[in-house]
Amino acid sequence: MTTSLPTFQAKDYKSDLKPIWCPGCGDFGVLQGIYRALAAINRPPHEIAFVSGIGCSSRIPGYTTAYGFNSVHGRALPIAQGIKLAKPDLLVLVAGGDGDGFSIGGGHVPHAIRRNADITYIVMDNQIYGLTKGQLSPTSPRGLKTVTSEYGSFENPVNPLLYTLAYGAGFVAQGTPSDMAGLAAIIEEAIRFPGFSFVNVQSPCVTFGEDDQQARDHKAHMKSLAALGHDSTSRLAAMDLAQAYGTELYTGVFYKDPNPPPSLDRLIVERQQSLVSKATPRERIFDTLVQK
């Protein structure tokens, strides 16, 4: 007798906790995109773990029915890597903001990329610290006036796309809640990628952002990479387009490694299985980890 697998819908990943973001916040759209992507993946909620740091976007684990871990500011990535290594069968996702990810947590990003654990990192990039009332963030544009920059920011912004591409991420994409279908498809593709994947989401802050019409502007000015004929297998082509961060809104997959190496968690599982089959003495375990 054939047993059919259950089919999950977006609502199955939605918890009873009601989002308390400001009306019109882009994070509402990001959350809906995540629900849709998870439904397309069709993994049961108990096989998914969501980790976040601190910030408006970091509330997301509580709005899902998956396992959730709301960690300290900037430390979501190392915690997510630990979960994936301890429980490789779990689907592990990380949610955060541009401040959480590229300020206090910025030092963790390159190491998560080089370790290549199979996790998906979704950053809601609004170029401002929203939760703490509108200070400059690492991605704030030069010249932006905020409560902490009366004369405008003197600093150049971090470019999340170039940052992750330059460190060697195997999957780098960007979306916007103004294109819900496209955003859900990007997140789904990132989850399916066998290794570290990064999705930068231009998620406007309607309260402290530079322009409360950003969402409308996104819809009018976004440019689809697929429609432009971009070769997503070329890291150099991706880096060339990524330089337009802040001036052009490109959406879609910038880079997807056509021959991704085995993820760290997969390698460790294979080594563990090898140890069991060979009954390797405990003192020789590290020898097996460096074998090619």
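Start at 1 with the first residue, then count along the sequence.
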Peer 1: Evaluate the side-chain proximity of Met222 to Leu249: yes if any heavy-atom separation is below 4.5 Å, no if none is.
Peer 2: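 In short, these two side chains touch, coming nearer than 4.5 Å.
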Peer 1: Given Ser263 and Asp118, is the side chain to side chain donor-acceptor pair (under 3.5 Å) satisfied, shown in steps?
Peer 2: CA-CA 6 Å; Ser263 62; Asp118 187 9; 5.0 Å; no
Peer 1: Please check if Tyr35 and Leu93 belong to a single hydrophobic cluster, counting links between Ile, Leu, Val, Met, Phe, Trp and Tyr side chain heavy atoms closer than 4.5 Å.
Peer 2: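 They do share one cluster, since a chain of ILVMFWY contacts under 4.5 Å joins Tyr35 to Leu93.
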Peer 1: Give, for atom NZ of Lys14 and atom OH of Tyr63, the distance between the pair rounded to the nearest 0.5 Å.
Peer 2: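 The NZ atom of Lys14 sits 11.5 Å away from the OH atom of Tyr63.
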Peer 1: Please tell me if the side chains of Tyr250 and Leu161 come closer than 4.5 Å, counting only heavy atoms from C-beta onward.
Peer 2: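 Side chain of Tyr250 against side chain of Leu161, heavy atoms only: no contact under 4.5 Å found.
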Peer 1: Looking only at non-hydrogen atoms, find the nearest pair between His230 and Leu241 and report the distance.
Peer 2: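 It is ND1-CD1, 3.3 Å.
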Peer 1: Using atom types as modelled and distance alone, determine if a side-chain donor or acceptor of Ser57 lies under 3.5 Å from a backbone N or O of Gly97.
Peer 2: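 Pair found, side chain donor or acceptor close to backbone of Gly97.
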Peer 1: Mind running side chain to side chain contact (heavy atoms under 4.5 Å, CB included) on Leu90 and Lys84 for me, showing each step along the way?
Peer 2: CA-CA 7 Å; Leu90 284 178; Lys84 187 63 179 180; 5.6 Å; no
Peer 1: Please round to the nearest 0.5 Å and tell me the distance separating atom CG of Asn200 and atom OH of Tyr163.
Peer 2: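 If I round to the nearest 0.5 Å, the distance is 13.0 Å.
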Peer 1: Should Val51 and Val201 be regarded as members of a common hydrophobic cluster, given that ILVMFWY residues are connected when their side-chain heavy atoms come within less than 4.5 Å of each other, either directly or indirectly?
Peer 2: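 No; tracing contacts between hydrophobic side chains, which count when under 4.5 Å, never links both residues.
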Peer 1: What pair of heavy atoms forms the shortest contact from Pro157 to Pro141, and how long is it?
Peer 2: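 That would be CG-CA, 4.3 Å.
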Peer 1: With heavy-atom distances below 4.5 Å as the criterion, would you say the side chains of Gln202 and Gln127 are in contact?
Peer 2: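 Yes; the side chains approach each other to less than 4.5 Å.
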Peer 1: Measure the acute angle between the ring planes of Phe193 and Phe171, then classify it against the limits of 30° and 60° as parallel, tilted or perpendicular.
Peer 2: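 Phe193 vs Phe171 ring planes: tilted.
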Peer 1: Between Ala173 and Ile186, what is the shortest heavy-atom contact and its length?
Peer 2: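 Closest approach of Ala173 to Ile186: CB-CG2, 3.5 Å.
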Peer 1: Compare every heavy atom of Ser234 with every heavy atom of Tyr255, then report the nearest pair and how far apart it is.
Peer 2: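 In terms of heavy atoms, the two residues are closest at CD1-C, 3.7 Å.
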Peer 1: Looking at Ala10, is its backbone amide N or carbonyl O close enough to the side chain of Arg36 to form a donor-acceptor pair, meaning the two atoms are under 3.5 Å apart?
Peer 2: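 Side chain of Arg36 to backbone of Ala10: no pair is present.
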Peer 1: CG/Asp16 to OG1/Thr65 distance, rounded to the nearest 0.5 angstrom?
Peer 2: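 If I round to the nearest 0.5 Å, the distance is 9.5 Å.
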Peer 1: Nearest 0.5 Å please: distance from the SG atom of Cys205 over to the CG atom of Asn126.
Peer 2: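 That separation rounds to 5.0 Å.
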Peer 1: Indicate yes or no: at least one non-hydrogen side-chain atom of Thr146 is less than 4.5 angstrom from one of Ser140.
Peer 2: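 Thr146 vs Ser140: side chains apart.
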Peer 1: Do Tyr245 and Asp125 touch side chain to side chain, with heavy atoms closer than 4.5 Å?
Peer 2: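 A side-chain contact exists here, since the closest heavy-atom pair is under 4.5 Å.
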Peer 1: If you look at every heavy atom in Asn70 and Ser58, which pair is closest and at what distance?
Peer 2: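 Minimum heavy-atom contact is ND2-O, 3.5 Å.
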Peer 1: With a 4.5 Å heavy-atom cut-off, do Ile119 and Phe196 have their side chains touching?
Peer 2: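 Ile119 vs Phe196: side chains touch.
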Peer 1: Please determine whether side chain to side chain contact (heavy atoms under 4.5 Å, CB included) holds for the pair Asp89 and Glu47, giving the CA-CA distance in whole Å, both sets of side-chain angles, and the decisive distance to 0.1 Å.
Peer 2: CA-CA 8 Å; Asp89 291 339; Glu47 293 182 1; over 6 Å; no
Peer 1: Does Leu131 reach the side chain of Arg59, with side-chain heavy atoms less than 4.5 Å apart?
Peer 2: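 Of all side-chain heavy-atom pairs linking Arg59 with Leu131, at least one is under 4.5 Å.
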Peer 1: Is Asn42 reaching over with its side chain to a backbone N or O of Phe8, donor-acceptor style, under 3.5 angstrom?
Peer 2: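 Side chain of Asn42 to backbone of Phe8: a pair is present.
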Peer 1: To the nearest 0.5 Å, what is the distance between CD1 on Ile128 and SG on Cys56?
Peer 2: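 Spacing of CD1 (Ile128) from SG (Cys56) equals 11.0 Å.
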Peer 1: Yes or no on side chain to side chain contact (heavy atoms under 4.5 Å, CB included) for Tyr121 and Thr164, after CA distance, side-chain angles and deciding distance?
Peer 2: CA-CA 11 Å; Tyr121 188 26; Thr164 50; over 6 Å; no
Peer 1: With a 4.5 Å cut-off on side-chain heavy-atom distances among I, L, V, M, F, W and Y, is there a chain of contacts connecting Val158 to Ile104?
Peer 2: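 Each belongs to a different hydrophobic cluster.
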Peer 1: Side chain to side chain contact (heavy atoms under 4.5 Å, CB included) between Phe50 and Ile34: does it pass, once the steps are laid out?
Peer 2: CA-CA 11 Å; Phe50 237 120; Ile34 290 170; 3.8 Å; yes
Peer 1: Would Leu38 end up clustered with Val30 when hydrophobic side chains under 4.5 Å apart are linked, directly or stepwise?
Peer 2: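 Yes; tracing contacts between hydrophobic side chains, which count when under 4.5 Å, links both residues.
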Peer 1: Is a side-chain N or O of Gln81 found less than 3.5 angstrom from the main chain of Leu77, in a donor-acceptor match?
Peer 2: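 Confirmed, Gln81 side chain pairs with Leu77 backbone.
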Peer 1: Can you check whether Met124 reaches Ile60 side chain to side chain, under 4.5 Å on heavy atoms?
Peer 2: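 In short, these two side chains touch, coming nearer than 4.5 Å.
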Peer 1: Decide whether Leu225 and Val172 are clustered together by the hydrophobic rule: side chain heavy atoms of Ile, Leu, Val, Met, Phe, Trp, Tyr closer than 4.5 Å, transitively.
Peer 2: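 Leu225 and Val172: one cluster.
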Peer 1: Please work out which of the three classes, parallel, tilted or perpendicular, describes the rings of Phe28 and Trp21, given edges at 30° and 60°.
Peer 2: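 Ring orientation of Trp21 relative to Phe28: perpendicular.
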Peer 1: Ignoring hydrogens, what is the shortest heavy-atom contact between Lys256 and Val253? Give both atom names and the distance.
Peer 2: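 Closest pair (atom of Lys256, atom of Val253, distance): CB-CG1, 4.0 Å.
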Peer 1: Step by step, would you call Asp27 with Ser203 a side chain to side chain donor-acceptor pair (under 3.5 Å)?
Peer 2: CA-CA 6 Å; Asp27 292 358; Ser203 180; 2.6 Å; yes
Peer 1: Could you give the distance from CG (Asp240) to CG (Leu162), rounded to the nearest 0.5 Å?
Peer 2: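 Between Asp240 CG and Leu162 CG, I get 9.5 Å after rounding to 0.5 Å.
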Peer 1: Within the side chain of Ser153, is there an N or O that forms a donor-acceptor pair under 3.5 Å with the backbone of Leu144?
Peer 2: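 Side chain of Ser153 to backbone of Leu144: no pair is present.
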